2 protein chains.
Amino acid sequence: MRKQRHEVYRNCPVEAALDIVGGKWKAILLFHILEGTKRFNELGRLLPGLTQRMLTTQLREMEADGVIARTVYPQVPPKVEYSITPFGRTLEPLLRELALWADAHVKPRLGEP
Amino acid sequence: MRKQRHEVYRNCPVEAALDIVGGKWKAILLFHILEGTKRFNELGRLLPGLTQRMLTTQLREMEADGVIARTVYPQVPPKVEYSITPFGRTLEPLLRELALWADAHVKPRLGEP
DNA sequence: CAGAATCCCATCTGATACTG
DNA sequence: CAGTATCAGATGGGATTCTG
């Protein structure tokens, strides 16, 4: 689903949107970050089953897409915070629609992790 | 992104939603089918660059997900029509939100194919 | 017309181990 | 704490050829 950053735009805009939200963990990560700034391991704890490697790459891609911001506090031990950007905020209606649909039509099995 | 039909539900519902809409061509195919029943090659003509193989697999998956219906007319030459199901219709608000966001925020490059 | 069958490679993801 | 590095397996998507 992810391509070289500009192949994305060569196709239709809808595809670019899915590219931003469609990653394996991106939507769920965004839900959490939309609620408030989160630290790296905090996100990790929220998503059991998500490896550090995946967490890193998904966050990095979203940062590159400009939907989240990464703030490093130069201290020991290190502290890094991830927050939503104004651009990321524009995804809120879409994400809400996504959650609405999911809750209404997929629910049968489990609640949100 | 696609897994064994029940691994999907083991995770969160949002993931299942993305699984239905997130395929490379699914969203765009759904937009077209939502507008009205379409034949196989008709869809193919609407999406230049989409191979028959991809068209087939994406349609089959969406059929399995219950969002579209496949109707075969037993005649020569064959005629197969794809239409939206009531369940598929429930995706309309989400798809609309998707298109809205995409048009508003990705537009810079190209119009919809 | 509407596909099925193969082949094949580029990613994506996951598991594991190591580090400033 | 917040990553990086490496490796291996699974998946996705495309090209091509064949057919009822």
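Bear in mind that the values here come from a model prediction, so they are computed numbers and not experimental data. In the text below, chain A, chain B and the rest are named by the order of the sequence lines, each starting its count at 1.
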Task: Whole-Å gap separating C1' (C:dT13) and NZ (A:K26) - done: 13 Å
Open item on the list: Less than 4.0 angstrom between a side-chain N/O of A:W25 and OP1 or OP2 of C:dG14, yes or no?
Closed with: yes
Open item on the list: Tell me the interatomic distance from A:L46, atom CG, to D:dA2, atom P, rounded to whole angstroms.
Closed with: 13 Å
Open item on the list: Please report the distance, rounded to the nearest Å, between CD in B:E42 and C1' in C:dG3.
Closed with: 16 Å
Open item on the list: If you compare every side-chain N and O of B:R45 against the phosphate oxygens of C:dC1 (OP1, OP2), does one of them come in below 4.0 Å?
Closed with: no
- [ ] Can you figure out which of D:dA2, C:dG3, C:dC1 approaches the side chain of B:V80 most closely?
- [x] C:dG3
- [ ] For the pair B:W101 and A:F87, name the ring-plane relationship: parallel under 30°, tilted 30 to 60°, perpendicular over 60°.
- [x] tilted
Open item on the list: Can you identify which nucleotide, out of C:dT13, D:dG14, D:dA2, has its nearest atom closest to the A:Q58 side chain?
Closed with: C:dT13
TODO: Please work out if A:T51 contacts a base, only the sugar-phosphate, or nothing of the nucleic acid, heavy-atom cut-off 4.0 Å.
DONE: sugar-phosphate
- [ ] Report the distance from atom CD of B:Q75 to atom C1' of C:dA2, rounded to the nearest whole Å.
- [x] 12 Å
Task: Nearest to side-chain heavy atoms of A:Q52, which nucleotide of C:dA2, D:dG14, D:dT4 - done: D:dT4
TODO: First locate atom CE of A:M54, then atom NZ of A:K24, and finally report the distance between them rounded to the nearest 0.5 Å.
DONE: 8.5 Å
Open item on the list: Return the CD1 to CD1 distance between B:I84 and B:I33, rounded to the nearest 0.5 Å.
Closed with: 6.5 Å
TODO: Would you mind reading off the distance between B:F40 atom CZ and C:dA2 atom P, rounded to a whole angstrom?
DONE: 8 Å
Task: Integer-rounded Å distance: D:dT11 C1' and B:D19 CG - done: 12 Å
TODO: Can you label the angle between the A:F40 ring and the A:Y82 ring as parallel, tilted or perpendicular, going by 30° and 60°?
DONE: tilted
Open item on the list: Distance check needed: C:dC12 C1' versus B:K24 NZ, whole Å only.
Closed with: 14 Å
TODO: Send over the distance from B:L47 CG to D:dG13 C1', rounded to a whole Å.
DONE: 15 Å
Open item on the list: What's the separation between atom CG in A:L43 and atom CD1 in A:I28, rounded to the nearest 0.5 Å?
Closed with: 12.0 Å
Open item on the list: Below the 4.0 Å mark, does D:dC1 have OP1 or OP2 next to a side-chain nitrogen or oxygen of A:Y82?
Closed with: no
TODO: Examine the base of D:dT6 for any acceptor or donor lying under 3.5 Å from a partner atom in the side chain of A:R53, and report the outcome as yes or no.
DONE: yes
- [ ] Compare the minimum distances between each of D:dC1, C:dA4, C:dC1 and the side chain of A:R39, then state the nucleotide with the smallest one.
- [x] D:dC1
Task: Per B:M54 side chain, nearest of listed nucleotides C:dT13, D:dG14, D:dG3 - done: D:dG14
